[in-house]
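First the structure, in the form of structure tokens, and then the observations on it.
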Amino acid sequence: MATEVISSKPVFSHPALALYGGTPIRTRFLPYGHQSIDESAIQAVVQVLRSDWITTGPKIAEFEEAIAAVVGARQAVVFSSGTAALHAAAFAADLEPGQEAITTPLTFCATANCMLYQGARPIFADVCPDTLLIDPCEVAQRITPRTKAILPVDYAGHPAALGEFMELANRHGLVIIEDATHALGATHKGRRVGSIAHMTVFSFHPVKHITTGEGGAVTTDNVQLAHRLRKFRNHGIDYDPQLRQHHGTWYYEMVELGYNYRLTDIGCALGLSQLRSLEANLARRRALADRYTAALADLPGLTPPVVHTDVEPAWHLYPVRLELAKLRVGREEIFRALRAENIGVNVHYIPVHLHPYYRARFGYRGGEYPVAEMAYEQLISLPMFPGMSDSDIEDVIEALRKVMSYYAR
Ligand SMILES: *Cc1c(COP(=O)(O)O)cnc(C)c1O
């Protein structure tokens with residue numbers, strides 16, 4: 001008689017991943033970011049639509065004053081996007097062909113592109129291995145007589161080493177343009193970002209802290225810089241009211257090459273309404289971050305973001321890092337598995353120098369910024385926006401447990 005061969009059945013302690021046909025944790029897709037627009041915001045926009053001014057009317061100054069007040073700056077100048085605001089800041093800093101500015105490779109390409117718009121050369125400096133913020137020592141080594149500006153990015157909403165950068169700026173006569181598009185409401189040593197660097201750039205894209213549809217702003221304490229920013233926003237036309245009065249109301253002078261980077265009154269009305277929820281939304285983002293950080297303590301294979309003790313992040317993103325040595329697969333597979341569970345994870349960022357345009361133009365081949373490049377292989381941004389409910393975040397944590405335990409070594 002033949003002995004029966006009983007194959008050892010796999011112990012199925014894991015529920016089947018949605019990626020392999022199992023039931024997803026959620027039926028509805030949870031995005032990584034989403035705007036929160038209430039009825040009063042809609043009414044505020046409708047009111048502008050019924051008024052005489054839908055652009056370049058009274059809402060511009062009102063919104064600018066509100067933004068300046070919320071960050072503690074003397075001036076705010078609003079733009080049609082965060083990218084336009086970065087471009088204007090690069091212009092106001094007198095960034096020109098033949099000059100250089102230094103930034104992090106771990107950012108959205110717009111941070112570096114604004115230098116190219118001005119004909120200047122972007123120089124990258126690697127990030128710190130813990131916070132993934134641009135490393136001041138790496139920056140200091142790249143300062144040359146051609147360096148004009150440093151553009152630190154408050155990655156994920158954690159303020160960059162602003163004290164160190166302001167000191168470098170004083171020593172070398174540089175302009176600090178802080179890309180705080182992730183960091184509206186963040187504090188650094190008790191001060192809000194927007195009141196620290198020479199110019200601070202914000203974005204009002206729907207995934208950011210407040211939205212105007214598309215929009216952005218530069219805040220500064222320097223009135224001359226604010227004047228140059230306003231001129232750049234409007235074709236380089238000088239709006240000196242004294243001059244206009246002197247020459248009659250029809251007269252204006254285009255004195256520099258600017259752009260149409262104006263924000264509308266429609267957008268500003270939305271932004272003003274959004275600002276009223278800023279503090280509550282920041283509190284919600286911080287509560288979500290706390291919940292994630294607590295949950296990650298018993299989720300092997302995932303490292304939470306590092307937070308310095310002298311800052312309060314604004315948590316635009318909650319980027320976790322995969323400990324790849326503890327996993328059977330790479331980031332790609334984990335990402336796809338979480339997406340299949342209907343968890344809208346994302347990746348921030350593909351290092352800028354690795355984009356085809358930068359490779360072709362500057363000859364980057366990979367390997368130039370090892371810390372940022374290694375981080376890129378490990379990073380996954382978890383959903384993070386104030387409209388997330390308690391059950392939404394528990395779904396994310398449940399999906400992480402399911403996926404991570406499945407792929408654990
Ligand atoms: C969002 C963002 C920008 C650009 O802002 P837009 O308003 O989308 O033009 C620039 N830098 C970083 C790091 C961003 O995340």
Side-chain angles (χ1 to χ4, degrees), residues 31-35 63 67 76-91 93 95 101-118 122 124-125 127 131-134 149-160 162 176-186 193-194 197 199-219 229 232-233 259-264 267-268 270-271 274 285 305 313-319 346-355 358 372 375-376 379 381 384-385:
Y32 89 93
H34 197 272
Q35 69 275 18
F63 187 43
I67 291 288
V77 182
V78 294
F79 290 89
S80 51
S81 70
T83 302
L86 279 166
H87 185 187
F91 166 84
L95 209 56
I102 306 172
T103 194
T104 167
L106 203 65
T107 184
F108 184 55
C109 53
T111 317
N113 290 350
C114 71
M115 308 170 193
L116 296 176
Y117 298 157
Q118 285 300 106
F124 297 103
V127 295
T131 56
L132 304 183
L133 295 167
I134 185 170
I150 304 170
L151 281 82
V153 175
D154 302 328
Y155 176 73
H158 186 302
L162 298 172
I176 304 298
I177 302 170
E178 181 185 354
D179 181 334
T181 51
H182 294 188
L184 180 63
V193 302
M199 286 181 274
T200 306
V201 176
F202 296 99
S203 164
F204 308 134
H205 180 276
V207 296
K208 306 288 167 65
H209 292 77
I210 65 164
T211 190
T212 56
E214 297 281 356
V218 181
T219 62
L229 291 165
F232 191 72
R233 172 176 72 185
Y259 292 77
N260 175 357
Y261 278 162
R262 298 186 301 261
L263 186 56
T264 63
C268 288
L270 180 55
Q274 293 265 296
R285 285 179 184 272
W315 295 110
H316 162 55
L317 303 172
Y318 191 92
N346 217 318
V347 174
H348 299 94
Y349 286 98
I350 301 162
V352 178
H353 67 288
L354 299 183
H355 282 295
Y358 279 84
Y376 167 58
L379 281 166
S381 300
M384 167 58 84
F385 57 95

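In listed order, ligands and their atoms are each counted from 1. By convention here, the first residue in the shown sequence is residue 1. As the structure is a prediction and not an experimental result, all values here were calculated from the model. In what follows, every heavy atom counts, from backbone to side chain, and hydrogens, waters and symmetry copies are set aside.
Taking the six-membered ring where tryptophan is involved, the planes of His34 and Phe385 are tilted, since the angle between them lies from 30° to 60°. Using cut-offs of 30° and 60° for the angle between ring planes, the Tyr358 and Phe124 rings count as perpendicular. Between Tyr349 and Phe108, the two ring planes are tilted [angle within 30° to 60°].
For Phe79, no heavy-atom contact with ligand 1 is shorter than 4.0 Å.
The Gly215 neighbourhood of ligand 1 comprises atoms 7 (O), with distances under 4.0 Å to a heavy atom of that residue. Taking a cut-off of under 4.0 Å to the non-hydrogen atoms of Thr107, the atoms of ligand 1 that pass are 13 (C). The Ser81 neighbourhood of ligand 1 comprises atoms 7 (O), 9 (O), with distances under 4.0 Å to a heavy atom of that residue.
Side-chain N or O atoms of Thr219 include one that pairs as donor or acceptor with a backbone N or O of Gly194 at under 3.5 Å. Without hydrogens or angle criteria, Glu214 side chain to Ser80 main chain gives no donor-acceptor distance under 3.5 Å.
Contact annotation: Tyr349 has at least one heavy atom less than 4.0 Å from an atom of ligand 1.
Scanning the protein heavy atoms around atom 12 (C) of ligand 1, the nearest turns out to be Thr181 OG1, 3.0 Å. The protein non-hydrogen atom at the shortest distance from atom 5 (O) of ligand 1 is Ser203 OG, 3.3 Å. In terms of protein heavy-atom proximity, atom 15 (O) of ligand 1 is nearest to His182 NE2, 2.8 Å. For atom 2 (C) of ligand 1, the nearest non-hydrogen atom of the protein is Lys208 NZ, 2.6 Å. In this structure, the protein non-hydrogen atom closest to atom 4 (C) of ligand 1 is Thr83 OG1, 3.6 Å. What sits closest to atom 11 (N) of ligand 1 on the protein, heavy atoms only, is Asp179 OD2, 2.9 Å.
Any N or O atom pair closer than 3.5 Å counts here, and Gly82 shares at least one such pair with ligand 1.
Inter-residue side-chain proximity for Val201 and Phe79 is flagged as unmet; no heavy-atom pair is nearer than 4.5 Å. When side chains are defined from C-beta on, Tyr155 does not count as touching Ile134, because their heavy atoms never get closer than 4.5 Å.
The one candidate from Phe91, Tyr117, Phe232 that meets the side chain to side chain contact (heavy atoms under 4.5 Å, CB included) condition with Tyr259 is Phe232.
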